[in-house]
Amino acid sequence: MIARVIVDVTTNQTDRLFDYLIPAPFQAAIVPGVRVVVPFGPRKVQGFVIEVAKTSTIDAGKLKPVEQLVDIEPPLTRELLLLSEKVKESTLSFHNTALKVMLPAAMRAKYKKEAMIHPETAYELVAKEIKRYFTSAEAVLDWDELLKKAGDAEKRLLLKALKEKTILVLPKVGTQGKKKKQTLVHTVRSPEELAQLKAALPANAVKQQDVLQHFIDRPEPVPVAELLEAVRGSRSTVKALADKGILCLEEAEVWRDPYEGRHYERQASLPLMEEQRQALEPILQAIDGEYHRTFLLRGVTGSGKTEVYLQAIERTLAKGKEAIVLVPEISLTPQMVTRFKERFGSDVAVLHSALSMGEKYDEWRRIREKQVRVAVGARSAIFAPFENLGMIIIDEEHETSYKQEDAPRYHARDIAIERGEYYQCPVVLGSATPSLESFARARKGVYELLTMEKRVNDVQLPDVTITDMREELRNGNRSMFSAALIAAIKQRLQRQEQIVLFLNRRGYSTFVLCRDCGYVAECPHCDISLTYHRTTHSLQCHYCGYTETPPTRCPSCEGESIRFFGFGTQKVEEELKKILPDIQIIRMDVDTTRTKGAHEKLLDQFGRGEGDILLGTQMIAKGLDFPNITLVGVLAADAMLHLQDFRAAERTFQLLTQVSGRAGRHEKAGEVIIQTYSPDHYSIQDVKSHDYLSFFQKEMLLRKQAGYPPYFYVTLIHVSDTDLPKTIEVTKKITNYLRSKLSPATKIYGPAASAIPRIKDRYRYQCMIKYKVEPYLTKILHEVVQTYQGEMSRSDLSIVIDTNPYMML
DNA sequence: AGCACGCCGACT
DNA sequence: GTCGGCGTGCTC
């Protein structure tokens, strides 16, 4: 039998199946989806068995046998194997990369070289210098570490000279982190042979006969513990048979958790509002009818989307099926997790980045072993290895964190729909501010739109006030806080209510802004604000390559208040303390939440009322639900608006709506103050009026004009190299090639320098494709990669293709 | 990716 | 004449 394997070598040339012989002992255990260790050239690598075949087209003489079995049972299901091929295709990634992304990091292979004194060398004769490292004849050291420890080059050369002579170096394939290992017992002998051997055993070797009988009945490998239980034997029995060469023992990784006891306390679901009921009904129908359907649930902040999810999951579980819930990493707060645990008890596995590698692995195992039926997690949880999936929910579906920004560059939404189709189960995309792509699809009837416009218990949406920071400046207020915001803060302090201050600052790029009139430097060709580059003292557009020198006076109003905009939370804290010295501020940003559990601790503190103000970035925008928050202040609503990204307005609207939603979620009325230099911008005005539809329509119009999603698909080709002319040359060639191959209706832009034209001494250029219909695009892009594969492996050239970019850098 | 093979310059 | 530089090509 032949195992067809994808090896763990991430290159173009090795991105295909390699055939290996399956040794008799592994015959039963090697099935598609298991990992194996195989010899590959002069070394050993891990690989995924994709298929098992009877014959191979490769010369029998060239075939090598599988060396080691890594899993007892396949960690990847048939469905996931199938899916990996689609991921590989659609994201233009390597098959190996697509497979690895589906497994927890702890299962990734780790390669090392073990060094020991060569068994044919007498230890006594080994030089003293070497004995310093190898303290005994049996000592096993890590070869690379040994070389590092050796210090100077001379000693290293000595060690290398002794390699394969006095010192034996063996390649070893292990896995990340420590894992439970299990000894597997198997046999090479056929049942007939075993019967003969059994008969030949002495009459008093009862246990040994029992063991052989076990293998005659069931020849597949069995964990030693299971075998001993089955035959009520002891370890010595197996050992005796192993010594006789009848049985073999093999160490393999297990992810079977012995704690089988599953008990989940069902907690009563909450009563639904009419709107919630109406939204839930079609979802339940799809669950009951067992058909695939993608629902877009648009519900304003506080409208009780989570309760709809929970009840849909309840129905799914009642049908004996499983559910995946995706939540943006940032809102995977303890509050959220508790909500699921309370409803589904021990039936929930949680996968998020705050868990250690081992903890994630354990949670993943609980899914694979069917000890849980609900998986809640961030992006990668979309690959939860369920086999009877009945429901997929993506909360805050507009979140950009659902797009993976390195290979394989998949979007969780696409994977969800793919899996939903496979299992014929509903997919629910939920958001207060759906992505334009999703809402447009819902309007076209591709998705089914469900709407909830009211907050639970008829709590009112907060009042939103927009303060014009240009006005503040004209009135002589040069601080970063508007008079209105300071007044509102003082009022809350008096009433002992809490405040959230949100500083929206993303990325490192600053934009150029006129503090008198709000003018922002934009690219004349792209309607996108320019990024100020300090190194060249220039303003650049990375879509089309346009560059200009920053104006010293405002081109619009001739004023001289041109500023490079951007400030941090620390600065805000300082400034605020100058104005209100007694104020208690809890600051949440990357600096204060770096340590494990800090995030939770700070939120707890705030929840207990130990701070008046929660000041933070991105991370406080979502999932906060504290009854005492009655004021939300947004310090710089523009910060995101002028990012050089066609989704800038969309993200601004989404984020501001999201932040606003933190205020007045319970009895006390909420107020939101948004400070901006662009008070008339539709994305800010529509936040004030809580009008998603209005925003959607305006933004759609602009997208249509500019040829962006959802009207056009975008693909971005990133080219980088240490050599600038070469980078430009290659990008140009690719661009020209695409122009010759793609339809005239498709727009191709480039070559253009990236927003950050050089990172780590690599020059970066890109080419952008905007298209409506290009059935052969994937094929053509494959050709492009193929053309340059040789050059990429032997030089610094790198070409990365993103078929659905969210980060335009 | 690694690692060996192999074909040209600076040394014993 | 040999050691070793890293360009080229293969890995079932």
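Quick caveat: nothing in here was measured; it's all calculated off a predicted structure. Residue numbering restarts at 1 for every chain, and letters A, B, ... go by the order of the sequence lines.
A:Lys770 forms no cation-pi arrangement with A:Tyr713, by the criterion of a distance under 6.0 Å to the ring centre and an angle within 45° of the ring axis.
Contact annotation for A:Arg4: no contact, since no heavy-atom pair falls under 4.0 Å across all strands. Counting non-hydrogen atoms under 4.0 angstrom, A:Tyr20 reaches the backbone sugars and phosphates but no base.
Using a cutoff of 4.0 Å between basic side-chain nitrogens and carboxylate oxygens, A:Arg78 and A:Glu387 are not scored as salt-bridged. Taking 4.0 Å as the cut-off between side-chain N and carboxylate O, A:Asp142 and A:Lys112 do not count as a salt-bridged pair. Classification of A:Arg368 and A:Glu73 as a salt-bridged pair fails, no side-chain N sitting under 4.0 Å from a carboxylate O. A salt bridge links A:Asp8 with A:Lys100: the closest approach of a Lys/Arg side-chain nitrogen to an acidic carboxylate oxygen falls below 4.0 angstrom.
In summary, contact between chain A and DNA chain B, defined as any nucleotide atom under 4.0 Å from a heavy atom of the protein, begins and ends at B:dA1 to B:dC3 in the 5' to 3' direction. In 5' to 3' order, the nucleotides of DNA chain C bounding all contacts with chain A (an atom under 4.0 Å from a heavy atom) are C:dT8 to C:dC12.
Looking only at atom types and distance, the side chain of A:Ser754 has no donor-acceptor partner in the side chain of A:His718 under 3.5 Å away. For the residue pair A:Lys726 and A:Ser795, a side-chain donor N or O sits within less than 3.5 Å of a side-chain acceptor on the partner.
Taking the six-membered ring for Trp and thresholds of 30 and 60 degrees, A:His411 and A:Tyr402 have ring planes inclined between 30 and 60 degrees apart.
A donor-acceptor pair under 3.5 Å is formed between the side chain of A:Thr803 and the backbone N or O of A:Ser90.
Using a 4.0 Å cut-off on heavy atoms, the residues of residues 44-61 of chain A that approach DNA chain C are A:Ile58, listed by number.
When the shell of 6.0 Å around NZ of A:Lys733 is examined, it contains 12 or fewer heavy atoms from other residues, nucleotides or ligands.
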